[in-house]
Q: 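Attaching a single structure in structure tokens format; questions to follow.
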Amino acid sequence: MSVKTILWPTDLSRYSLEAIDEVVSLSTLYGAKVVVLYSAIDLCSFFPAYGNYPDQDYLNRFRDWEIEKARKSLDTLCNEELRSCPLIEIRLTHGDPVANILKYADKERADLIVISSHGLGREKRGALPGKIGSVTINVIEQSPVSVHVIMNN
């Protein structure tokens, strides 16, 4: 298997970050570029339950704030934890994480997606060990490229 580009989607949760060692290992083994993808939360998906949407300007400011915080965290993470990878690129987007992962896998011509079995959902709500989170399940089912899953404890 030839791996030139690895897509690593992360929500920066502690579970998501458990994939770092494997990302570094695979990147080093294959001499592959790592594309780190962060997908900001789509707040509009939460508001129909409340009946009203907040002001669009407010949502935009929050999204921009979240993306800037993620950029700073990812810059630090890349400089400290991924520095031995041959090449690292950061991509920041917003919206549905599954759709974004699949979109960027295609856009970046990823040969492999490395993803944790769980992310922020487990961190916030809990999940049974051994179960796989909904984002990961959907990526596995829909991805046109190989998906390497890091099972969280």
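The first residue in the sequence is number 1, and the count goes up from there. Just the heavy atoms: all of them, side chains too, but no hydrogens, waters or symmetry mates, feed the values below.
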Q: Checking S16 side chain against G119 main chain: does a donor-acceptor pair fall under 3.5 Å?
A: no
Q: Without swapping roles, check the side chain of S27 against the backbone of C85 for a donor-acceptor pair under 3.5 Å.
A: no
Q: Within the side chain of N100, is there an N or O that forms a donor-acceptor pair under 3.5 Å with the backbone of H94?
A: yes
Q: Let me know which of D111, V147, V114, L37 forms a side chain to side chain contact (heavy atoms under 4.5 Å, CB included) with L7.
A: L37
Q: How many angstroms lie between atom CD of E22 and atom CD1 of I150, to the nearest 0.5 angstrom?
A: 4.5 Å
Q: With sequence neighbours excluded, what pairs up with D64 under the side chain to side chain contact (heavy atoms under 4.5 Å, CB included) test?
A: none
Q: Between the main-chain N or O of K69 and the side-chain N or O of S73, is there a donor-acceptor pair closer than 3.5 Å?
A: yes
Q: Please test N152 against E18 for side chain to side chain contact (heavy atoms under 4.5 Å, CB included), starting from the C-alpha separation and ending with a verdict.
A: CA-CA 7 Å; N152 303 112; E18 288 180 12; 2.7 Å; yes
Q: In Å and rounded to the nearest 0.5 Å, what is the CD1 to CG distance from I88 to L82?
A: 4.5 Å
Q: What do the steps show when you test E89 against V34 for side chain to side chain contact (heavy atoms under 4.5 Å, CB included), and what is the final call?
A: CA-CA 6 Å; E89 296 178 3; V34 175; over 6 Å; no
Q: State which residues pass side chain to side chain contact (heavy atoms under 4.5 Å, CB included) with D96; sequence neighbours excluded, sorted by chain then number.
A: V98, A99
Q: Do NZ/NE/NH1/NH2 and the carboxylate oxygens of D75 and R71 come within less than 4.0 Å?
A: no
Q: Does Y38 belong to the same Ile/Leu/Val/Met/Phe/Trp/Tyr cluster as L87, with side-chain heavy atoms less than 4.5 Å apart forming each link?
A: no
Q: If you take all heavy atoms of I20 and E81, which pair is closest and at what distance?
A: CG2-CB, 3.9 Å
Q: Taking all non-hydrogen atoms of both residues, which atom of A110 and which atom of V145 are closest, and how far apart?
A: O-CG1, 3.2 Å
Q: Quick check: closest heavy atoms across S116 and V149, and the distance to 0.1 Å?
A: C-CG1, 4.4 Å
Q: Nearest 0.5 angstrom please: W8 CH2 to I90 CD1, how far?
A: 10.0 Å
Q: Less than 4.5 Å apart, any side-chain heavy atom of V3 and any of I6?
A: yes
Q: Nearest 0.5 Å, please: how far is NZ in K33 from CD in E108?
A: 5.0 Å
Q: Taking T136 for the side chain and I115 for the main chain, is one N or O donor matched with an acceptor at less than 3.5 Å?
A: no
Q: Rounded to the nearest 0.5 Å, what's the gap from CD1 on I67 to CZ on R63? Could you check?
A: 6.0 Å
Q: Could you note down all residue pairs passing ring pair (Phe, Tyr, Trp, His ring centres under 6.0 Å) where residues 62-88 supplies at least one of them, sequence neighbours left out?
A: F62-W65
Q: Between V139 and L102, what is the shortest heavy-atom contact and its length?
A: O-CD2, 4.4 Å
Q: Taking G95's backbone N and O only, do any of them form a donor-acceptor pair with S39's side chain (distance below 3.5 Å, no angle check)?
A: yes
Q: Minimum heavy-atom separation for Y15 and H118, please, with both atom names.
A: CB-O, 3.4 Å
Q: Drop me the distance from L92's CG to L74's CG, to the nearest 0.5 angstrom.
A: 6.0 Å
Q: Please find the pair of heavy atoms, one from I113 and one from A105, that lie closest to each other, and give the distance.
A: CD1-CB, 3.9 Å
